[in-house]
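Just so you know, these numbers come straight off a predicted model, no measurement behind them. Just so it is clear: chains get the letters A, B, ... in the order the sequence lines come, proteins before strands, and each one is counted from 1.
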Number of protein chains: 2
Amino acid sequence: MTNKPIPDIVIGRLPQYLRSIQRMAREGRQVTSSQELGERLGISAAQIRKDLSQFGEFGKQGTGYNIAFLIEKLRKILNIDHDWDVVVVGCGGIGSAVVRYRGFTNRGFNVRMVFDADPQKVGEKIGEFVIQDYTNMVDTIRDAGIKVAMLAVPDASAQEVTNKLVEAGIRAILNYAPISLTVPAGVHLQYIDPSIHLQRMTYYLD
Amino acid sequence: MTNKPIPDIVIGRLPQYLRSIQRMAREGRQVTSSQELGERLGISAAQIRKDLSQFGEFGKQGTGYNIAFLIEKLRKILNIDHDWDVVVVGCGGIGSAVVRYRGFTNRGFNVRMVFDADPQKVGEKIGEFVIQDYTNMVDTIRDAGIKVAMLAVPDASAQEVTNKLVEAGIRAILNYAPISLTVPAGVHLQYIDPSIHLQRMTYYLD
DNA sequence: TAGATTGTTAATCGATTAACAATC
DNA sequence: TAGATTGTTAATCGATTAACAATC
């Protein structure tokens, strides 16, 4: 009996579920239902129940899901029951904004160090962080055991920096450069490119 | 004979195709194939051919796709053969970075105006833009005929500001606030939430 | 011509939904 | 108990892939 892996498309919905129920928790709510959650997210109730049931029986017939309990479960599933240290590479406009961003709190991530290739910037501070020298990046990341990186460098250097991150032991990269990157198997990659999101919407406009 | 709408999942891949071939064009390339494009993007060649064939016959047997021609076609399909004016609302860290971002050039978008609700910020400049008073936002956007918005306000005001944008005639919103929004039918919505992308990767980490 | 690559069809694969017994 | 909602199954729906004739 071989356990089938959970489809990635299901994994992709779990963080949305988590974000919504964390919000409900902040609103003081105790329980929710697949129907309510579905309405908030524009996803069918059946889909939510099916997704969650892949990981266990988290609800109660008649009453729904206990919010605090479901948050705990989802955090475990997503491996964010403990925070991940994160490195930010590139301190231009986007990189600096990401370093200062308050939105990682309670979501499983903690920016720990910041690098830039520009010698002019090295030593400057962004918030509480001193920008570190790119020359020492690989060793510094490896020594700190950091596995998660956010990449906000110019397009032209994105692949080269990515290679260094992989060399440093990074296992997950969130890439803000609007360019396709190549990574070895076992290294995970996600893209944020606002133009792509916008283009996806203009298709439907007149 | 009713023309079936093109699936949204296909539309979502077109901007990726476009980004890749625009890059090839910058590299001085003249033609490409579904195979090459697929390798760059991690998508099967068959899928790319199928997607493109929904809109016409853009390739030539034996030789592949002319890059300049395909760029032109994709830009037409995605409705970005002319640029869209864009409004940015919220001038915190993310909003300011988006306003300064150079990555919209040649991708179909042009930031035209910037608003913030904080009276302290109104009148300040971000790059070439003067931050405008939120009080006049609805009329100003409507008068300018702007249809595309990027939203980078605090979570607590995101829905309220969204309602104003809809009132102002905005038809596409790219939301940076980590919160689910509700919009009427016919208004398009996309989300950028870095924590969600990161959580999607940590699932696979130890 | 020989080689390459498209556009398209049919087959496969996977994801979503509807429905309902179980049960809180 | 009556009402509500889960977890799960089977049916439906949709997306991807394999394969190949057409043709540059």
From the set [options], return the single nucleotide nearest to any side-chain atom of [X].
| X | options | value |
| --- | --- | --- |
| B:Q61 | D:dT8, D:dT17, D:dA22 | D:dA22 |
| A:R13 | C:dT16, C:dG7, D:dT16 | C:dT16 |
| A:Q47 | C:dT6, C:dT16, D:dT16 | C:dT16 |

I need the [atom1]-[atom2] distance between [X] and [N], as an integer number of Å.
| X | N | atom1 | atom2 | answer |
| --- | --- | --- | --- | --- |
| A:D51 | D:dT8 | CG | P | 13 Å |
| B:K73 | C:dT6 | NZ | P | 17 Å |
| A:N66 | C:dC24 | CG | C1' | 14 Å |
| B:I6 | D:dA15 | CD1 | P | 11 Å |
| B:Q35 | C:dG3 | CD | P | 17 Å |
| A:E57 | C:dC24 | CD | P | 10 Å |
| A:L52 | D:dT6 | CG | C1' | 11 Å |
| B:I9 | D:dC13 | CD1 | P | 18 Å |

Please confirm whether the shortest side-chain N or O distance from [X] to OP1 or OP2 of [N] is below 4.0 Å.
| X | N | value |
| --- | --- | --- |
| B:Y65 | C:dG7 | yes |
| A:T63 | D:dA4 | no |
| B:S44 | D:dT16 | no |

If we count only N and O atoms by modelled type, under 3.5 Å, do the side chains of A:D8 and B:Y204 hold a donor and an acceptor together?
yes
Indicate yes or no: at least one non-hydrogen side-chain atom of A:S34 is less than 4.5 angstrom from one of A:Y65.
yes
Salt-bridge criterion met for [X] and [Y] (N-O under 4.0 Å):
| X | Y | result |
| --- | --- | --- |
| A:E160 | A:K164 | no |
| B:R13 | B:D51 | yes |
| B:R107 | A:D193 | yes |

Which is more 5' along DNA chain D, the nucleotide nearest A:R49 or the one nearest B:A46? Just name the residue.
A:R49
Pair partner, C:dT23 [Watson-Crick or wobble, under 3.5 Å]:
D:dA4
Taking a pair to mean Watson-Crick or G-U wobble geometry with both distances below 3.5 Å, D:dC13 pairs with C:dG14
Assign each of A:I43 and B:Q54 to its nearest nucleotide of DNA chain C by heavy atoms, then name whichever residue's nucleotide is nearer the 5' end.
B:Q54
